[in-house]
Amino acid sequence: QAELGKPQRNCYTLPGIDFSYGLYIHGTDGGVAEAIGHWNTVKPRAVLAQKMPRDFITMNRGALKAGYTTAHEFNLYYKAKDIRRKDEDNNRFKICPPKAPADMTYGIKTRPSTPLFDLLQHKYKELWMEQQRALAAAQQAEKKKVTLLQQCFPLLFCETRTTLLRKQPVPAKEESFWHPPHLEKVGPHLSTFPDRDARKKAFSA
């Protein structure tokens, strides 16, 4: 019966504090002592030998070599020599792993760390300056060598029109617009300057 003045309870009473929920496994719940004191090993399963399918390619080749041509003779040959396919032939997608060296590391190589010490010391600027100095020294030595050869062998370095034009090219002709001959000497009709000095000053600017 329901308790007087209280609503009816539609639930179960919970067990005590000692109760543990879930499945109790004897093999692993004993802690370290049980793990050390017992040898719970898994027994190996018996692998059943799988019957491979027939190797019809090999059997047909053998029947043709034996001189059989009809289907009945082929069936008799199949019963007499039942050749099965090998395990490797059954797996069509078997791919052998590539032979890699023992010390090979797979994946992308780690990017080297940024040399902050070299950046703070402006080492890259110094290297660039040294390269520029070495390049300038090489060019200067080449020039000295050429001038020395010119002094020793002046006939080998005779100036021609081509070499002169390379050093001092001819200035380009300025494009002049064509004017009709009857408009060549026509003077201005109006003079808006107050005097000649102002006109000269304006044209000189």
Do the ring planes of Tyr78 and Phe56 sit parallel (below 30°), tilted (30 to 60°) or perpendicular (above 60°)? perpendicular

Of all heavy-atom pairs linking Arg85 and Met52, the shortest is O-CB, 3.2 Å

When rounded to the nearest 0.5 Å, the distance separating CD of Glu142 from OG1 of Thr147 is 10.0 Å

To the nearest 0.5 Å, tell me how far Leu149 CG sits from Lys145 NZ. 7.0 Å

Considering all heavy atoms of both residues, which atom of Met59 and which atom of Asp82 are nearest to each other, and what is their separation? SD-CA, 4.3 Å

To the nearest 0.5 Å, what is the distance between NZ on Lys123 and CG on Leu120? 12.5 Å

Provide the closest heavy-atom pair for Ala63 versus Phe74 in the form atom of the first, atom of the second, distance. CB-CE2, 3.8 Å

For the CZ atom on Phe117, are there more than 12 heavy atoms of other groups (residues, nucleotides or ligands in this structure) within a distance under 6.0 Å? no

Does atom CG (Leu164) have a neighbourhood of more than 12 heavy atoms from anything else shown, all under 6.0 Å? yes

Decide if atom CD of Gln132 counts as having more than 12 heavy atoms of other residues, nucleotides or ligands within a radius under 6.0 Å. yes

Atom pair NZ/CG of Lys200 and Asp195 - distance to nearest 0.5 Å: 10.5 Å

Return the minimal non-hydrogen interatomic distance between Phe193 and Ala202, and the atom names on each side. CE2-CB, 3.6 Å

Atom pair CD1 (Ile57) and CZ (Arg61), whose distance is rounded to the nearest 0.5 Å: 7.0 Å

Are Ile83 and Leu64 co-members of a hydrophobic cluster defined by side-chain heavy atoms under 4.5 Å apart? yes

Whether over 12 other heavy atoms sit under 6.0 Å from Arg54 CZ: yes

Roughly how far, to the nearest 0.5 Å, is the NZ atom of Lys81 from the CG atom of Asp55? 14.0 Å

